[in-house]
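Structure first, then comments.
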Amino acid sequence: MKEWMKNVRNVTPYVAGEQPADKNIIKLNTNENPYPPAPAVRELLSGFDTDILRKYPDPDIKDLCAELAAYHGLSSDRVFCGVGSDDVISVAFLTFFAGKKKVLFPDVTYAFYPVWAQLYGIPYEEIPLKEDFRIDAADYRRENGGIIIPNPNAPTSILEGIEFVEDILKHNPSSMVMIDEAYIDFGGKSVLPLLEKYDNLLVIRTFSKSRSMAGMRIGYCMGCKEAIAAMNSIKASINSYTLSQIAISAGVLSVKDDAYFKEQCGRIVKTRDEALKTLAGLGFTGPESAANFVFVKHESLPGDYIFEELKKRRIFVRHWNKPRIADYLRITIGSDEEMKRLYEALNDIIQSERK
Ligand SMILES: *Cc1c(COP(=O)(O)O)cnc(C)c1O
C-alpha cells in the first residue's frame, strides 16, 4: 500500500444503470423519457450563442428559481436548484442531517441515500417495507435525525397518499422530512400543498424523468425560506456555480411549455397502464405503478434469468441481486414501439423456456 493511500476516503459508490455506447439497443434501465424535451429547448440549443460560455453563470440561478416558483405558486426564495436532484439531495443531506440521531428511510428505496449517509458520516437506519412493499407511516414514529422517502417509491413504483406524508410530518416536528417526488408527474398527487402547514417539509423534483432532460442535469427542491437559505449557504461553501447558463435557460423554457409537458406525461401514463396489463398476460405480476416504470416478477422464471435473456436480445432493464427483490425487474416505460419489442422478446423468452 502506498503511503498516501492511507489518507484516501473510503466509499462504496452508488452504481448507476448501464449507459451502453451501442445506440442500437432498447434502453429501459434508467427511467429516461423516450420523448424529446420541449421544442423550445431544442431551438435554444441549436442556435445557442456561445459567447455566453465566457462568463460564469448566475450563481443564484434566479431565472429558473423564479420560473419554478411561479409555476408552483411559491415565492422564489422557497426554491433551490441543483445539478440534477442527486445534487439537490446531497446538499440537503449535508444541510439538514447534521445531528447525531439516525436518519430514516425505507430498506427498499433509491440506493443513493445510504451512499450519501456513509459519505457524510450520517447515522441511518433502513426501515423494512411491509410484505406488499408498502411503507407504513407508523414505522416512522420513533426518534430520528431526519427522514427521506421517495413518493412514488423507487423501485417499487408505489404511491402513498398525502395523508401518509402528513402523518409522518405530524409525528416528527423536530425532523426535516424530505419527500423525493422524482416520479410524481406520472399521475401522482404532490404533497406540495403541505408546505403551507409544515416548515419541516422539503419536496424534491427533477427534470430528468418527466421533462426528458436527464442529460441536462437539473433538479430542485421546495421548502420554507429558512430551509432554502440554509441549503444555499452549504452550496456556496462547495461550489457557487452549479448549473450552467445553458441549463438555466433550457430549464426555464421547459417549464414555460406546460401543454407539451402534460401531453408527454400523459402518453407515458397511458403506455404504462397498458404495459401492466400486457405483462400480466405474459405471467408477470407487480404493484400498480404511479411512475414511468413498472416493477414486476414472473410466475415461473427468475429475475436474473429474464434480465440476461433480454440483454442478449439487446433490451436493457434493471435488476438487483438483493434480498426480497431479486425476482423483480424494473422496466422503464419506453415508446409504444419499444414496448412492443419488449413484449415480443419476453414472449420469445417464455416460449423457449417451455420447449
Ligand atoms: C432518478 C432519481 C433521482 C435523481 O435524478 P437526477 O437525474 O439526479 O435528477 C433522485 N431520486 C429518485 C428516487 C430517482 O429515481
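Each ligand, and each atom within it, is numbered from 1 in the order the structure gives. Here the structure is a predicted model, which means the values were calculated and not measured. One is the number of the first residue; the rest follow in order along the sequence.
Using a 4.0 Å cut-off to heavy atoms of Arg217, the atoms of ligand 1 that qualify are 6 (P), 7 (O), 8 (O). In summary, the atoms of ligand 1 found under 4.0 Å from a heavy atom of Gly84, numbered by their order in the structure, are 8 (O), 9 (O).
When heavy-atom distances to ligand 1 are checked against a 4.0 Å cut-off, Ser85 comes that close through both its backbone and its side chain.
Counting heavy atoms from C-beta on, the side chains of Asp60 and Cys65 never come closer than 4.5 Å.
Aromatic ring pairs are classed by plane angle as parallel below 30°, tilted from 30° to 60° and perpendicular above 60°; the pair Phe105 and Tyr124 is parallel. Using a 30° and 60° split on the angle between ring planes, Phe284 and His298 fall in the perpendicular class, above 60°.
A cation-pi arrangement is absent between Arg272 and Phe186 under the rule of less than 6.0 angstrom and at most 45 degrees off the ring axis.
Residue contact annotation: Gly219 has no non-hydrogen atom under 4.0 Å from ligand 1.
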Yes or no on side-chain hydrogen bond (donor to acceptor under 3.5 Å, both in side chains) for Ser254 and Tyr260, after CA distance, side-chain angles and deciding distance? CA-CA 9 Å; Ser254 169; Tyr260 179 85; over 6 Å; no

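Among protein heavy atoms, atom 2 (C) of ligand 1 sits closest to Lys209 NZ, 2.4 Å. In terms of protein heavy atoms, atom 11 (N) of ligand 1 is closest to Asp180 OD2, 2.6 Å. Protein heavy atom closest to atom 7 (O) of ligand 1, with residue, atom name and distance, is Ser208 OG, 2.6 Å.
Residue Tyr183 has at least one nitrogen or oxygen atom sitting less than 3.5 Å from a nitrogen or oxygen atom of ligand 1, judged on distance alone.
Screening Arg318, Lys311, Lys27 against Glu18 for a side-chain hydrogen bond (donor to acceptor under 3.5 Å, both in side chains) leaves a single residue, Lys311.
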